[in-house]
There are 2 protein chains.
Amino acid sequence: MTIAKKIKASISQSSMIRKMFEEGILLKKQHGADKVYDFSLGNPNVEQPEEFKRELINLANEIIHLKHGYTPNAGYHETRHTIAKKISKASGLKMHADHVIMSCGAGGALNVILKALLDPGEEVIVLKPFFVEYPFYIENYGGIVKYAATKNDFSLDIDSIAGAINEKTKAIIINSPNNPTGIVYSENEIAGLSRVLLEKGRALGKTIYLISDEPYAEIVFEGVTLPSVLKAYPNSIVAYSYSKTLSLPGERIGYIAVNPHIYEAGDLISALILCTRIMGFVHAPALMQRIVARLQDVAVDVKVYQKKRDLLCAGLAKAGYTFTKPQGAFYLFVHSPIPDDVAFVQMLLKKNILVVPGSGFGGPGYFRIAYCVDDATIINSMDGFTQTIKGCT
Amino acid sequence: MTIAKKIKASISQSSMIRKMFEEGILLKKQHGADKVYDFSLGNPNVEQPEEFKRELINLANEIIHLKHGYTPNAGYHETRHTIAKKISKASGLKMHADHVIMSCGAGGALNVILKALLDPGEEVIVLKPFFVEYPFYIENYGGIVKYAATKNDFSLDIDSIAGAINEKTKAIIINSPNNPTGIVYSENEIAGLSRVLLEKGRALGKTIYLISDEPYAEIVFEGVTLPSVLKAYPNSIVAYSYSKTLSLPGERIGYIAVNPHIYEAGDLISALILCTRIMGFVHAPALMQRIVARLQDVAVDVKVYQKKRDLLCAGLAKAGYTFTKPQGAFYLFVHSPIPDDVAFVQMLLKKNILVVPGSGFGGPGYFRIAYCVDDATIINSMDGFTQTIKGCT
C-alpha cells in the first residue's frame, strides 16, 4: 500500500464538515453564491479590527534586523512576556514568559500538548458533542479517546466525567465557549470539574491534566463571563488561538499557557518546546508573533456575532426549531425535527442550506449551524428552514 | 511521570546546535556581540529581496475578502497552480495544482509526508552526515531510522544505500544542497540512486519513495546545476521551503510536490492533505501563501553566499584546515584537526567561536560552520581559527 493504513482508514471516513463545504462549492456554481446558505464552516466573515490592519502595514514598513528570521522555538520572549502579563492579571497566577509557548493556532497547540504528554495507551476524556478533530489529535500520539456525556443543555455532567476516569486517564479536553454548541461553562461547573479531577487524581495517585481549548475565549455575549480555568485547577494547560479574536484563522497564530502550579512544570515546558520543534512547526509564524504582541487588548466586535445569534435564534424559534441558546462562539446546535440528523441535513440541502449533521460531532439528533456569515445569509435562509420543518410534521 | 517517556529521553539528549546557540547568548552578554563569532545556526542574515518587501506592503494594503481566513487544507489553488507550472517547466513533468500541497516550511512538509507514508516499524534511510531533525521526524510516526554512508567527499555511496534496503524499507531522504556539508548531488549520482531504488523495489515487489528535502534548492554556486529529482525518479516527493530562497525562515512557508507518476498518487495526495489538517498545521500561513505566489522567479542574491564561502574557505585553508568545498547552501563541514570533534569545538569556544560538532550530525571527526553571517564575523574569526589549529600540532 502507498500510504499508512491508519491514514487510509481516516480518509474514507473523511470529515462531514468538509463534505458539506464541497457540496456548497458545487451548489454555488449551479445557483449563484447568494442563493446558497452556507453555514458549514467556522471561517469568520467579520473583518479584522482596524488595529490589526494598521499594525500589519506598520510592520511591513518597519526596518527590523532579521525581521523574518527564525525565532526561538517557544517564540519571541517579548510576545510571551506580554501574554503572560495579561494572563496573570486575569487569573491571579504568577505567569512568566516561560509559561507561554507560541503555537500555530489552537490546533497546533493541542497537537504539541498531546505529543508532549501522552505515552501510547493513555486515555484522554472528550465530552460529547465534541470538536471533530479531537479524536484525530489524540490518536496521533497513540492516545485512546474516552467519551463522557454532557447534560441535556450541554453543561458539564460531572458524574459522567467521574465515571470515565481510571488509572489510564492522562487528561481531559474541554472547550468553552464550545464548538459545536456555543455553551459557556460557568464558574461553578469549572469548580466542580476541578474538584472531581483532584479527588480522582488523589485516589489514583496520579495527575489528571485539564486541557482547556479556548479559541473562542473572547467571543462571549452580554451578561456572560468566562471563568479562568488556570485559576480554578492547578494542573491546567490552555490552548489559545487569535483566529477568532482577531479574525485571522488563516495566519495560524496562538499559544500554549502552562499553569505554574503543575508539578515538574519545567519538564512540561521543555517537552512542549521540543515537540514544537520536532513536529516541524519549528515555531509559530514570526510576523504574526510580533503583531499579536501589539494587540493584546484588541478583539473583533462581539456585538456583531451576538446580533447574528439573536437573528438566527429568533427566526428558528418562530419556525418551530428547538435549541439551547448559545452564550458564546458562533455556533448553534439545533434539535433535528426528525431523529435521523443526516437525513434532515439532506432535506435542508434541497433548499440550498448547508449545515453539518450532529453525528459528525458525536451528537446525533442535532445539526450544527456556523453563523459566522453575513446577516443576509441568515435572513434569506429562513424560508428554507421554515419549509423544511413544516415538511416533517 | 508528567511527560511522555520518549519525549523525556529526547530532552536529555537535546540538540547540540541549540546548546551552542545558548552558549552564544551567554558569551555575547559577557564579551559583546561583535567579539563573538557565532556560526552555530542556519538563520540567514541576508535581507529579503526588495520584491518581497514590496509585496508584503502591497498585501498589507490590499482589500481582499477573507484575506486572513482559512484557506483550503492544501493551500490556495492559485498558489499551487503557479508552483506546479514552475516545476513542470523545470522537470518536464505534467504537474497540476493538485500535485502541490502548501506546508509550514520543509520541516512541516517532511513531517506531513512521513505521517502520510509510514506504518509503525517501516524503515527510512538517512545518509550520514544528516540534518539533525530527520531521526526525530521519522520516529514521530513509529518509523525506524536506517543509516547509510556517503563517500569521503560526501557524494552518494550507492552500494551503501543498496545495502541498507530491505523488505521493511519505505523511503529514503536525501538533502541536496546538503546540510551540513554544502554538497550538491550530480545528475549522474541521482540517476544511479534512481536505478538502485527501481531495481531493489522491483526485486522486493514494493515501492521505495525518494523524499528530496530541498530548502537550499536555489542556493547553488556558479558552475553548479541542481538536477531535478522529480524528473529522475518516478516515486519521488519533494519537500521545499522558501526559508532560504527568500530569507524568511521565521514565516514557515514551503510546499510538498508529489510526482504524478507515483502509483496511487491520488491516495497519497489525499493523505498529505488529511495529515496537514489533523496534525494541527491545518494549512500553511495564508498571507505567505499569497506572497510566494507572486515571487516565483525571485530569490536572494546567491553571489552574497558564494562570496562568504570563498572568504571562509580561503581563510581556513590558509590556516591549515581541510574540507570538501561546498557547491551550495551555506554550510562548511570541516575536518576536526583532532579526532575528538566535541573537544575541538570546546577549544574554538575559548576563542569565542561557535560551531557545531559533527557528532551531532552523525559525522564525528568534523565540525559544521554555518556561514550565513556577516563577512566581518568570518574575517574577524580567522585569528581564533588559526591559533586553535596551531595549538593542536
Side-chain angles (χ1 to χ4, degrees), chain A residues 2-8 10-11 14 41 43-45 48 53 56-57 60-61 66 68-71 104-105 107-112 115-119 133 136-137 140-141 207 247-252 262-264 267-268 270-271 274-275 277-283 285-288, chain B residues 2-8 10-11 14 41 43-45 48 53 56-57 60-61 66 68-71 104-105 107-112 115-119 133 136-137 140-141 207 247-252 262-264 267-268 270-271 274-275 277-283 285-288:
Chain A
T2 308
I3 58 174
K5 290 188 190 79
K6 206 167 155 183
I7 301 300
K8 180 108 183 172
S10 299
I11 290 171
S14 148
L41 264 191
N43 202 1
N45 80 325
Q48 295 79 45
K53 297 180 190 178
L56 180 58
I57 293 171
N61 284 290
L66 292 182
H68 306 285
Y70 286 118
T71 85
C104 291
L110 289 169
N111 270 277
V112 167
K115 167 103 176 160
L117 285 179
L118 290 181
D119 279 315
E133 303 296 75
F136 288 110
Y137 294 173
N140 279 344
Y141 311 102
T207 303
S247 249
L248 36 75
E251 304 304 347
R252 316 306 306 130
I262 286 180
Y263 177 67
E264 293 180 339
D267 269 14
L268 177 59
S270 300
L274 178 83
C275 290
R277 190 189 105 206
I278 68 174
M279 291 164 73
F281 293 106
V282 184
H283 57 69
L287 189 64
M288 292 298 145
Chain B
T2 308
I3 59 173
K5 290 187 189 79
K6 207 167 153 183
I7 301 299
K8 181 107 184 173
S10 298
I11 290 171
S14 147
L41 263 192
N43 203 1
N45 81 324
Q48 294 81 44
K53 296 181 192 176
L56 180 59
I57 293 170
N61 284 291
L66 291 182
H68 306 286
Y70 285 119
T71 85
C104 291
L110 289 169
N111 270 277
V112 168
K115 167 103 176 160
L117 285 179
L118 290 182
D119 280 315
E133 303 295 74
F136 288 109
Y137 295 174
N140 278 345
Y141 311 102
T207 302
S247 250
L248 35 75
E251 304 304 347
R252 315 307 306 129
I262 286 180
Y263 177 68
E264 294 179 338
D267 269 15
L268 177 58
S270 300
L274 178 83
C275 291
R277 191 190 103 204
I278 68 175
M279 291 164 73
F281 292 106
V282 183
H283 58 69
L287 189 66
M288 291 297 145

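Chain letters run A, B, ... following the sequence lines, proteins first and then strands; every chain starts at 1.
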> Which of the residues A:Gly107, A:Ala286, A:Cys275 is involved in the greatest number of heavy-atom pairs with chain B at under 4.5 angstrom?
Replying inline: A:Ala286
>> So for A:Ala271, is it side chain, backbone, both, or neither that comes closer than 4.5 Å to the heavy atoms of chain B?
In response: both
>> Quick check for you: among A:Val282, A:Leu118, A:Leu287, which has the greatest number of heavy-atom pairs under 4.5 Å with chain B?
In response: A:Leu287
> Shortest non-hydrogen contact from A:Gly69 to B:Pro249?
Replying inline: CA-CG, 3.9 Å
>> Show the nearest heavy-atom pair for residues B:Ala60 and A:Leu56, with the distance to one decimal.
In response: CB-CG, 3.8 Å
> Roughly how far, to the nearest 0.5 Å, is the CG atom of A:Leu268 from the OG1 atom of B:Thr2?
Replying inline: 7.0 Å
>> Taking side chain as everything from C-beta outward and backbone as N, CA, C, O, which of these in A:Gln48 sits under 4.5 Å from a heavy atom of chain B? Side chain, backbone, both or neither.
In response: side chain
> Based on non-hydrogen pairs under 4.5 Å, which of A:Asn43, A:Ile262, A:Ile7, A:Leu248 is most in contact with chain B?
Replying inline: A:Asn43
> Looking only at heavy atoms, what is the nearest atom pair of B:Phe136 and A:Arg277, with distance?
Replying inline: CE1-NH2, 3.3 Å
>> Just so I understand: if I count every heavy-atom pair under 4.5 Å between each of A:Ile57, A:Val112, A:Leu66 and chain B, which residue has the most?
In response: A:Ile57
> Taking all non-hydrogen atoms of both residues, which atom of A:His283 and which atom of B:Arg252 are closest, and how far apart?
Replying inline: O-CG, 3.6 Å
> Can you name the nearest heavy-atom pair linking A:Lys6 to B:Asp119, along with the distance?
Replying inline: N-OD1, 4.3 Å
> Under 4.5 Å between any side-chain heavy atoms of A:Lys115 and B:Asn140, yes or no?
Replying inline: yes
>> For the CD1 atom of B:Ile11 and the OG atom of A:Ser270, what is their distance to the nearest 0.5 Å?
In response: 5.0 Å
> Non-hydrogen atoms of chain B under 4.5 Å away: do they reach the side chain of A:Leu110, the backbone, both or neither?
Replying inline: neither
> Can you name the nearest heavy-atom pair linking B:Ile278 to A:Glu133, along with the distance?
Replying inline: CG2-OE2, 4.3 Å
> Contact part of B:Thr207 toward chain A, heavy-atom cut-off under 4.5 Å: side chain, backbone, both or neither?
Replying inline: neither
